[in-house]
Amino acid sequence: MDIPSQYNPKEVEEKIHQLWLKWDCFNADINPQKKPFSIVIPPPNITGILHMGHALNNTIQDVLIRFKRMQGFEVLWMPGTDHAGIATQNVVEKDLAKHGLKKEDIGRDDFLKKLWAWRDEYGLTIIEQLKKLGASCDWRRTRFTMDEDYSRAVKEVFVNLYEKGLVYRGNYIINWCPRCKTALSDEESAHKEIDGFLYYIKYPLKKSIAPIPQSSEKLNSINYQPSTINYIVVATTRPETMLGDTAVAINPKDSRYKWLKEAGVILPIVERELKVIEDEAVDLEFGTGVVKVTPAHDPIDFSLAKKHNLEFINIMNDDATLNEFVPPDFVGLDRFKARDALLEILEEKGLIEKKEPYKISAGHCYRCHTIIEPRVSLQWFVKMKPLAKRAIKVVEEDEIKFSPVRWKKVYLNWMHDIHDWCISRQIWWGHQLPVYYCRKCQEAEMQNAKCKIQNGEEKQKKNKGIIVVPEKPDKCPDCGSTDLYQDEDVLDTWFSSWLWPFATFGWPFKQHSAVSIQLSADRKEELKADSRARSEAKPPRGGKLKAESELNYFYPTNVLVTASEILFFWVARMIMAGMEFMGEIPFRDVLIHGTVRDSKGIKMSKSLGNIIDPLEIIDKFGADALRFSLMQLVSSGADAYLTEEKFLVGRNFSNKIWNAARFLLLKIKENNLKIDNLDFKELDEIDKWILKELNQTIEEVTLSLENCHINSATKKIYDFFWHKFCDWYIEIVKDKFTANKSKVLIYVLTNSLKMLHPLMPFITEEVFQLIKNHTSLSQDETIMKSSWPAKTHPSKVSGWSTCARKGIQVDRCELEINKEKTEGIETLLDTIGQIRNIKIDLGIATKKVKLEVKLKGPDLDLWKVNQPWIKRLARLETIEFREDLERVLYKSERGELNLIVEDIEIKNFLSSLEKKIKKLTVVFEKISQRLKNKDFLGKARPDTVEEEKIKFEQISNQIRRLTELRNAFKDADDRK
RNA sequence: GGGCGGAUAGCUCAGCUGGUUAGAGCAUUGCGCUUACAUCGCAAAGGUCGCAGGUUCGACUCCUGCUUCGCCCACCA
């Protein structure tokens, strides 16, 4: 079998993926012998195509999933997609528009058919793309938020909350998107600053008045006639809303306008008399101190109106054109056109005092970015405070932990100040409200929001004719009429997503509730004990888990991985839903990662054209390269700034792994070695060194992954593999490629592959299979199901054939991290570096020269034994061991060395010595100052002082040796 | 208006609970096709750790203020 010298991910990835599917590697089922570990995927929108954010998010999850799977947990990664109500409807509407059609033209039923057709055709695109990334989800379970079971769960929840009095219907001011023509929740309205103007508009008084000035300064500032006043000035950023004004408000403390009530105010153009109200909410400092009040189109005004019992006039249609409640000239005009027209008229009438440029913070629809219009309308809401209570507690008490921790505070702040959630949407794609109306009972109730609403409150206390049940009833329970119709609205997408961690398991229909409660407590205990030091995957206490249902077995899930953007949308609400419906937290850890940005720090988005397409990266460099580079860049929740070249690191590393394996396997073949066990004997110094390094790496990488510090795990394994294993061990071993060596090589390589597997699943699997094919070792079927490396003696590592378990002569102690055992090798490696340096200084970098060394004891033996590769790596002709050297070029506490060269160029050598001396002298000074300081000696910890003293010794010696060398050469140089 | 995060080599970032000769990758500069890998090897250069105070025997690490970039929340019309 030929192994090409360059790794070709394209050939490998698809093949490997098929293998995994064939071997059922992704599937998880209840297994009483194992502890569960589960993650639910943040379901991507069916409109989504894989972008870098997904790649990042899902790679993190897959790394944890694969790691835990190898650790022996029964691992479930639950996949699925979100119907994404508004987003999907928009996409299909656009499609229709291409044919010149509106959804109304084809009607609700046909439109929904089109939506389902669209979903069937494109809705699984992103799932296929996730597979390319290597995501090891249990694809059999792929859920969709509009699956039949799932939809039933959504309805159950709605009905349940309604019955508890936590879902209610009412006329309130909500965020209205005039383009999507639906209500939105507060979270779906993103506040952004836009440039606008603050207009100062004169509202005439009913009767002129001549008040006694309180303060001439203030009077001047609002610029009215000193004697008689016949208008007041209000400031507004949205002049068109004045057509819906029903009052003006002042602060009761404001002495400037005490007379206003008496004078009366007339709304210009409309010529309606406005009420004058007093309220603390009015800011004396802002504008003129007089506020126009538009109850139906402004949140503050809305609450003022409720408090002061004002009239609500909704002046807008659902597309933000003005309706018939405004003067005829304005009817049908778009809100911004109306604004211009109105300003023009006001200008003509001399009613505009001034306008100032002003930054307006306006809500924008998070789906189409249209400016939100606050608007009173009849909607359904969820009362959040009661739900928040327990969700706050579990986070406050760290039952659910955020990482990085700072998000805990963000979460709690939001939760403490939570507002009711508007959940009805005036679109067609989604879960239609399980609400039925009796036409007979309702009659006047269902007045459209277009009409005047007397009072925004207008609670339906009796709810007569409103039937909230999961399935359509036969007749009205009140009057027995069969003339029933369902509420047209659908639920907010997030009203289904918040059930994701348990509805995906078939809740509430597949749950054995009695068992559930008991087991939940059980599991909770376990998780508590386990979570901080998750280690081996032992079966639950008592060795059996009485899980009749998957929900009981896999819920609560272990960790939720997400970006901060959906903390409120989704994470917070899942916690509330979990507590409310399961009585238990949905996940124990929340891992919040950063946002993917471009090189300038701007969030990647298609509209800005600054995206780097992960699929393109996969195509060019491979999925492993993409994954590795992303994981290397992601650090504890910080944003990642990406450029295409950053993926080269991953690509190059893939190639390095490939070639290390290639070399090993070619050598085995070349030397005709038959490897049927890993029963390696006679470990020499260098073997012990690499095994020690390996053990240490295993320890560190495992710990990092346990703590979800993926990037540090990435760095450690990278450093070990490339700079220890490839740069040194493989290079050294080239000379003497024996069966025994090849066993060590395979052992180290395989363990490295295992550690790398969560990060780079494809190449590690491919190489794992290659090793199997090139040797006679009996190994696991797939690396995916092999066991995670343990920091231990090789014989104790499971996953190897039984032959690997017996007869290994190595004392376990020898492989422990033991400084003395490998110090000789470490010094030797360091010395080789010194020789290389000296040769460069002397200008003979590539020349093969003779080396003389003066060594003693174990070092001498070590050098003698290892001569061949020392010569090769340091590029030496011969090594001579002598009692005394003619000349010394390098000195350490362990020995001296000299290179035999004629006419050496001493200048560089000397200056490099000087430099070293200078650098060390600076440190030396620092340390001696410290040691002279009485306070330091008295107050610092004794062991710190001791360390400093040792350091002092070492550095003095180093300086002494270097100085001696320097002087010797300087003398010689001077004599010349 | 509140809150949060970042500011360390030219670039992107590590640096845990205060004591390090402050690290890595990329880029740069030399040298090198040495028995896998030029998607490579060997080496070099490059940092008064944003600024100013403070605490401390000692601060890149802790505290305060400032500068600057970026996020999130908020009913200043």
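As the structure is a computational prediction, the values presented were derived from the model and not from experiment.
Set against B/C4, B/C37, B/G19, the side chain of A/R406 has B/C4 as its closest nucleotide.
Aromatic rings from A/F312 and A/F302 are positioned such that their centres are separated by under 6.0 Å. A ring-centre distance under 6.0 Å is not found for A/Y7 and A/F653.
The side chain of A/K667 contributes no N or O atom lying less than 4.0 Å from OP1 or OP2 of B/A36. Residue A/R836 places at least one side-chain N or O closer than 4.0 Å to OP1 or OP2 of B/A43. For the pair A/R872 and B/G41, the criterion of a side-chain N or O lying under 4.0 Å from OP1 or OP2 is not met. For B/G58, the OP1/OP2 oxygens have no side-chain nitrogen or oxygen of A/N933 closer than 4.0 Å. In this model, the phosphate group of B/C71 is not approached by any side-chain N or O of A/K192 to a distance below 4.0 Å at OP1 or OP2.
Distance, A/K359 NZ to B/A77 P: 14 Å, rounded to whole Å. Atoms CD (A/Q834) and P (B/C42) sit 15 Å apart, rounded to a whole Å.
When the P atom is compared between B/C63 and B/U55, the two are found 15 Å apart, to the nearest whole Å. As rounded to the nearest Å, B/C71 and B/G25 have C1' atoms that lie 27 Å from one another. Comparing B/C37 with B/C42, their P atoms are spaced 15 Å from each other, to the whole Å.
Nucleotide B/A44 forms a pair with B/U28, judged by Watson-Crick or G-U wobble geometry with both contacts under 3.5 Å. Both distances falling under 3.5 Å, in either a Watson-Crick or a G-U wobble arrangement, occur for no nucleotide opposite B/U21.
Judged by distance alone, with hydrogens and angles left aside, A/Q6 brings no side-chain donor or acceptor close enough to the base of B/A36 to form a pair under 3.5 Å.
Toward the 5' end of RNA chain B, the nearer of the two residues A/D639 and A/L937, judged by each one's closest nucleotide, is A/D639.
Note that the NE2 atom of A/H364 and the CD1 atom of A/I194 stand 5.0 Å from one another [nearest 0.5 Å].
Residue A/K192 places its NZ atom among more than 12 non-hydrogen atoms of other residues, nucleotides or ligands, all under 6.0 Å distant.
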